[in-house]
Amino acid sequence: MKSTADLSTAFNTDGFHAHWHNGGWSIFHGWMHIVLDAVIWMSYIAIPLTIFWYLRHRPHVANRGVFYLFIVFILMCGLTYLMEAVVYWWPAYRLLGLLKALTAIVSVATVISLLSLLPQLLRAPTAKTLEAEITKRELAEKRLIESEDQFRTAMTYAPIGKALVSVEGKWMQVNKKICELLGYTEEELLKMDFQQITHPDDLDSDLQLLKQTLVGEIDEYSIEKRYFRKDGNIVFVQLSVSLIRKENKPKFFISQIVDISAQKKLQQRQEKLISELEQKTKDLQQIVYVASHDLRSPLVNIIGFSGELDFSIKELIAVLDEFDELPPKVEHILKKDLPEILHFISTSGRRMDRLLKGLLQYSRLGRYPMVTLEIDMDKLFGDLLQDLSYQLDQIGAEVEVDSLPKCYGDITMVSQIFRNLIDNAIKYRSTDRTLRLKIHAEKLKNRIRYTLVDNGMGIAESHQKKIFEVFHRLNPKDSDGDGLGLSICSLLAQRMEGNISLESTVDSGSSFHVELSIDDISLHERANALSSASLNQPYFTHQSL
């Protein structure tokens, strides 16, 4: 009841006169104010209606509450102007005051809302900034279009297969090369997924890597796999796959496919050839082993029985010497021809025995288990020279050894190499001067080169390339070697990822360079591989080869 009374009071005009009667208004001045107030009121009505229409058609406009406050504020202001025109005839000043009070309340609320929004408005871009941003976006869009065109062109005409694949495995986009590779048209491939043409034996590994990529365990992967062509033939490919994400969600895969069928065929052919070669090598080693082993049995009999025959002949000569005189021919046969023949048989037998032993030894090299460790080369040469001191002292040799760095290798193999080189230096020394040996070393990139220098007979250039070949001897008539020593040295150095080389001048001397590893990791890996493949039949002794 009280609110109704207050509202009726607002419409009460007691005690007030119409504005037209307050003062000496002329017709012109009075109507001018009335018309202008009415025009302002209509404008105040049109503005909020326009804003309201805009908000209805732009539902995503931010800060809509402030806009609605402005609508109410402008409407209230318009009503006050309308009442200013009305009071010229109807003195409802109490109602005008109420409208102004409401307008003041709404205006204060609007100001407060606007002030709270001011920091955000200040952060809003200016027209110049917006213009620059628009220009920037237009340029970015232009570049994006150009980039998409370039990508499309590069993909279409790429020399390798390229495709976009959905996360479900469906072909989304394929280039000409894939179509040529698989024998399908673009339309046919786009109706399929990659699982349909993948070889069953390769599908599980591909899908596993695909899942790992989708869950983020890996970013990309590359595998070899097989596809079925449309004609049913198999094509080997190298597949590289990377995942494109948007807002951290998987969108599609980019696949690159390279045809490696020719390489796979070549690889398979090489593997077959290597397998055949390995088998032939094993067969050859077995033949050499059997031949050298089995031939020694009759050879031992020949050497043994030739000795028995020599002994019997000497006994026969002793018996016949009891007679006064022998026929000259019988005496010549018994005392000259037969001993000479037996000497040749015995010498040849012993030489053949050395050759067979060396051949047997050489055939077993590949089966020797290599044990790598760090070798103190100063100690190794100290022990070697101590073992060979008798031979060196007998010929009065002079030996100089520098301080030598350590290396990695099999100590038995390394010792065997240098023992043989020193033995050769003694064997092929010059008769015109005292033998001098010098041993020094230098560090290379990943090896150490040990050099043994002698002042012996030297080796002619024509022999230097053949010196490490099996059974090659410098002076076959003047030496009793078997021609295997340097061959075995070379093979031992190669097994330790090393190398042996030669520099020599006739009548001046020779320098043998032995390069050994300082990398224990790769050498251990090689040793393990060789040991796994060996038959674990050690044969080495500390005797000269």
Side-chain angles (χ1 to χ4, degrees), residues 134-273:
I134 291 171
T135 303
K136 183 179 178 181
R137 291 190 179 186
E138 289 177 347
L139 182 60
E141 288 177 359
K142 183 180 179 181
R143 289 177 177 172
L144 179 61
I145 293 172
E146 292 176 353
S147 177
E148 288 176 348
D149 289 340
Q150 290 174 354
F151 173 77
R152 191 177 297 108
T153 301
M155 182 169 176
T156 302
Y157 298 102
I160 64 173
K162 288 191 174 184
L164 303 184
V165 182
S166 71
V167 292
E168 295 81 17
K170 297 280 292 183
W171 301 99
M172 298 169 55
Q173 187 175 341
V174 294
N175 69 348
K176 294 181 179 179
K177 193 65 178 181
I178 286 185
C179 296
E180 294 174 2
L181 181 63
L182 301 177
Y184 291 94
T185 64
E186 181 178 354
E187 292 75 15
E188 289 173 330
L189 278 178
L190 295 180
K191 295 177 183 178
M192 306 167 65
D193 56 49
F194 75 86
Q195 294 97 318
Q196 293 176 258
I197 59 173
T198 298
H199 194 285
D201 293 342
D202 300 334
L203 186 56
D204 288 342
S205 58
D206 195 358
L207 290 176
Q208 180 61 34
L209 290 169
L210 203 67
K211 291 177 182 177
Q212 289 181 263
T213 308
L214 284 172
V215 299
E217 293 181 5
I218 56 176
D219 296 325
E220 57 186 21
Y221 66 90
S222 180
I223 59 169
E224 289 185 6
K225 63 179 294 187
R226 289 162 289 180
Y227 283 125
F228 287 110
R229 285 176 48 86
K230 186 177 180 180
D231 57 14
N233 291 324
I234 293 177
V235 57
F236 287 87
V237 301
Q238 180 73 39
L239 172 66
S240 300
V241 178
S242 56
L243 177 62
I244 301 300
R245 297 178 181 269
K246 189 174 182 181
E247 298 177 356
N248 206 31
K249 293 182 179 180
K251 287 299 179 182
F252 57 86
F253 294 98
I254 296 180
S255 298
Q256 299 187 82
I257 301 173
V258 179
D259 184 5
I260 58 170
S261 298
Q263 295 93 311
K264 289 298 287 186
K265 290 180 180 177
L266 179 60
Q267 179 183 345
Q268 290 171 351
R269 184 181 177 188
Q270 288 177 336
E271 290 174 352
K272 183 179 179 182
L273 290 174

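Keep in mind that the numbers below use all heavy atoms, side chains included, and drop hydrogens, waters and symmetry copies. The structure presented is a predicted model; accordingly, all values stated were derived computationally and were not measured.
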Set of side-chain contact (heavy atoms from CB on, under 4.5 Å) partners for [X], sequence neighbours left out:
X: Arg137; value: Glu133
X: Met172; value: Leu164, Ser166, Phe252
X: Asp204; value: none
X: Ser205; value: none

What salt bridge (charged side-chain N to carboxylate O under 4.0 Å, His left out) pairs are there with at least one residue in residues 251-266, not counting sequence neighbours? Glu224-Lys264

The complete set of salt bridge (charged side-chain N to carboxylate O under 4.0 Å, His left out) pairs with one or both residues in residues 188-198, sequence neighbours excluded, reads Glu188-Lys230

With sequence neighbours excluded, give me every side-chain hydrogen bond (donor to acceptor under 3.5 Å, both in side chains) pair touching residues 207-220. Gln212-Glu217

Using every non-hydrogen atom in the two residues, find where [X] and [Y] come nearest and quote the distance to one decimal.
X: Phe236; Y: Ser261; answer: N-OG, 3.0 Å
X: Asn175; Y: Gly161; answer: OD1-CA, 3.7 Å
X: Asp206; Y: Leu239; answer: OD2-CD2, 3.8 Å
X: Gln195; Y: Gly169; answer: OE1-O, 3.9 Å
X: Leu190; Y: Gln173; answer: CD2-N, 3.9 Å

Is any side-chain heavy atom of [X] closer than 4.5 Å to a side-chain heavy atom of [Y]?
X: Leu210; Y: Phe194; answer: yes
X: Val241; Y: Leu209; answer: no
X: Leu214; Y: Phe253; answer: yes

How many angstroms lie between [atom1] in [X] and [atom2] in [Y], if you round to the nearest 0.5 Å?
X: Cys179; Y: Trp171; atom1: SG; atom2: CH2; answer: 9.5 Å
X: Ser242; Y: Ile218; atom1: OG; atom2: CD1; answer: 11.0 Å
X: Glu168; Y: Lys170; atom1: CD; atom2: NZ; answer: 9.5 Å
X: Leu139; Y: Ile134; atom1: CG; atom2: CD1; answer: 13.5 Å
X: Leu189; Y: Leu182; atom1: CG; atom2: CG; answer: 6.0 Å
X: Ile197; Y: Met192; atom1: CD1; atom2: CE; answer: 5.5 Å

Set of side chain to side chain donor-acceptor pair (under 3.5 Å) partners for [X], sequence neighbours left out:
X: Lys177; answer: none
X: Thr198; answer: Lys225
X: Tyr184; answer: none
X: Arg229; answer: Asp231

Check residues 266-273 and write down every donor-acceptor pair under 3.5 Å in which the side-chain atom is one partner and the other belongs to a residue at least two apart or another chain.
{"from": "Gln267", "atom 1": "NE2", "to": "Glu271", "atom 2": "OE2", "distance (Å)": "3.1"}

Passes side-chain contact (heavy atoms from CB on, under 4.5 Å), Ile254 versus Lys162? Steps please. CA-CA 7 Å; Ile254 296 180; Lys162 288 191 174 184; over 6 Å; no

Go through the steps to decide whether Ile178 and Tyr227 satisfy the test side-chain contact (heavy atoms from CB on, under 4.5 Å), and finish with yes or no. CA-CA 11 Å; Ile178 286 185; Tyr227 283 125; over 6 Å; no

